[in-house]
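I have placed the structure first, in the form of structure tokens, so that the comments after it can refer back to it.
FYI, the numbering just counts along the sequence from 1. All heavy atoms count here, side chains included; hydrogens, waters and symmetry mates do not. Since the structure is predicted, the reported quantities are computational estimates derived from the model, not experimental observations.
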Amino acid sequence: MATASLAPSRAEVLSLFRSLLRTARNFSDYNLREYTKRRTVDGFRENRDLSDAVSISSAFSKGKSQLEVAKRQVYVYSVCGSGMKNVMEVEDQ
């Protein structure tokens, strides 16, 4: 499988990054939303110095997998999540 080691383009990597951040915004819970954003940025920073195609392809595949997990979790939390607001989301009264 020669295509498995083919590194994704810069545009594909940026698209994945944006998709992860967009998905993070869909979490209604502040803590989950911020954790997902922070983990996305940290993950991309950790992998920015990768140079060989196999490592880049592997990291990209893991990122796509994490995107699918995050999308499923957004759905699960929207259906089953508690209606309670986080202290960061409560308005001053």
Listing, residues 59-73 side-chain donor-acceptor contacts under 3.5 Å, not counting sequence neighbours, or none:
| residue | atom | partner | partner atom | Å |
| --- | --- | --- | --- | --- |
| S61 | OG | S57 | O | 3.1 |

Side chains of R18 and L14 in contact at under 4.5 Å (non-hydrogen atoms):
yes
For the pair S58 (side chain) and S55 (backbone), establish whether a donor and an acceptor sit closer than 3.5 Å, ignoring hydrogens and angles.
no
Does the R33 side chain pair with the main chain of A24, one donor and one acceptor, at a distance under 3.5 Å?
no
Determine whether Y77 and Y35 fall in the same hydrophobic cluster, where Ile, Leu, Val, Met, Phe, Trp and Tyr are linked whenever their side-chain heavy atoms lie under 4.5 Å apart.
no
When you compare the side chain of L21 with that of F17, does any pair of heavy atoms fall below 4.5 Å?
yes
Testing the basics here: between K37 and E34, what is the closest heavy-atom pair and its distance to 0.1 Å?
NZ-OE2, 3.1 Å
Using side-chain heavy atoms (C-beta onward) and a distance below 4.5 Å, is T36 in contact with L20?
no
With R39 via salt bridge (Lys or Arg N to Asp or Glu O under 4.0 Å) - residues at least two apart:
E46
Indicate yes or no for a side-chain donor-acceptor contact from S15 to the backbone of A11 under 3.5 Å, with no hydrogens or angles considered.
no
Can you tell me how far the CZ atom of R38 sits from the CG atom of N31, to the nearest 0.5 Å?
8.5 Å
Taking the side chain as everything from C-beta on, heavy atoms only, tell me whether F44 gets closer than 4.5 Å to V13.
yes
Same cluster or not: are I56 and V54 linked, directly or through other Ile, Leu, Val, Met, Phe, Trp or Tyr residues, by side-chain heavy atoms under 4.5 angstrom apart?
no
